[in-house]
Amino acid sequence: MKPLTEADIRASLVNAPPGEAQRMPLPGLHEVLWEEREYLGWRDPQAPQRGYLVFWRDGEPVGLVVRAAAATMGGGAALCNLCNTQQPADQVRMFSAPKTGEAGERGNSVGTYICRDLACSLIIRIAPAASTSFRADQDAAVAARAEGLSRRLESFADRVLDAA
């Protein structure tokens, strides 16, 4: 991922209410390993239900405000719809995002299940326990998972940006 500046992030929000971009807390950008990210995702420590996803789309940063559902899933396992990783159910949450345009003004939103810490870019880089010891195979697996993650994030963003 190409690095983002504070100004890039604040200007990128497409579905935020007026003034939210200036109030949102930012993660420590100096700590981000940009080459190991498909998007930047974080939760708001002051409003833990709120989160942000920012990524590059057609050469421009796009930021989405998301909100975690208050209820958690029961026991068992759940699948994150972005990184496509199965995890314990309490590690995956339903997140909704207000739509843009008139649909958003009417209160419409879209939702999907995402890793509760919004760290899918890190999750896809964890080698499976039964993985091969060949580094090239691991690199190819991560590249394939990263491409799938990016594609699914684009699809979610398409649903948010669709004002119909």
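No hydrogens, no waters, no symmetry mates; every other heavy atom, side chains included, goes into these values. Predicted model only: the values in this text are computed from it and were never measured. One-based numbering along the sequence shown.
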What pairs of residues pass the salt bridge (charged side-chain N to carboxylate O under 4.0 Å, His left out) test when at least one of them lies in residues 46-56, not counting sequence neighbours? E20-R50, D44-R50
Quick one: does [X]'s side chain get under 4.5 Å of [Y]'s, heavy atoms only?
| X | Y | result |
| --- | --- | --- |
| W42 | L53 | no |
| T112 | I114 | yes |
| I123 | L149 | no |
| L79 | N84 | yes |
| M1 | V32 | no |
| T5 | L29 | no |

Got a donor-acceptor contact below 3.5 angstrom from the [X] side chain to the [Y] backbone?
| X | Y | result |
| --- | --- | --- |
| S96 | G111 | no |
| R43 | L118 | no |
| W56 | K2 | yes |
| Y39 | C120 | yes |
| Q86 | A78 | no |
| N15 | P98 | yes |
| R37 | F55 | no |

Going through the checks in order, is the salt bridge (Lys or Arg N to Asp or Glu O under 4.0 Å) test met by R152 and D158? CA-CA 10 Å; R152 289 183 290 274; D158 286 345; over 6 Å; no
Check step by step if side chain to side chain contact (heavy atoms under 4.5 Å, CB included) holds for R57 and L161. CA-CA 12 Å; R57 181 181 176 125; L161 295 166; 4.0 Å; yes
Is it possible for you to say whether [X] and [Y] belong to one hydrophobic cluster, with membership spreading through side-chain heavy-atom contacts below 4.5 Å?
| X | Y | value |
| --- | --- | --- |
| L13 | L64 | no |
| Y52 | M94 | no |
| L4 | L122 | no |
| V160 | I9 | no |
| L40 | V65 | yes |

Please name the pair of heavy atoms, one in [X] and one in [Y], separated by the smallest distance, quoted to 0.1 Å.
| X | Y | value |
| --- | --- | --- |
| Q87 | C115 | NE2-SG, 2.8 Å |
| V54 | S12 | CG1-OG, 3.7 Å |
| A146 | I124 | CA-CD1, 3.5 Å |

With a 4.0 Å cut-off on N to O distance, would you call E154 and R159 a salt bridge? no
Going by atom types alone, do S150 and E38 pair a side-chain donor with an acceptor below 3.5 Å? no
Could you go through the side chain to side chain contact (heavy atoms under 4.5 Å, CB included) check for F95 and L82 one step at a time? CA-CA 11 Å; F95 282 87; L82 290 188; over 6 Å; no
Residue pair R93, Q49: steps toward the side chain to side chain contact (heavy atoms under 4.5 Å, CB included) verdict: CA-CA 10 Å; R93 299 291 287 275; Q49 300 305 109; 3.9 Å; yes
Passing candidate, side-chain contact (heavy atoms from CB on, under 4.5 Å) with T100, options V14, N108, D162: V14
From [atom1] ([X]) to [atom2] ([Y]), nearest 0.5 Å:
| X | Y | atom1 | atom2 | value |
| --- | --- | --- | --- | --- |
| I126 | Q138 | CD1 | CD | 12.5 Å |
| W34 | S121 | CH2 | OG | 10.5 Å |
| M24 | E6 | CE | CD | 8.5 Å |

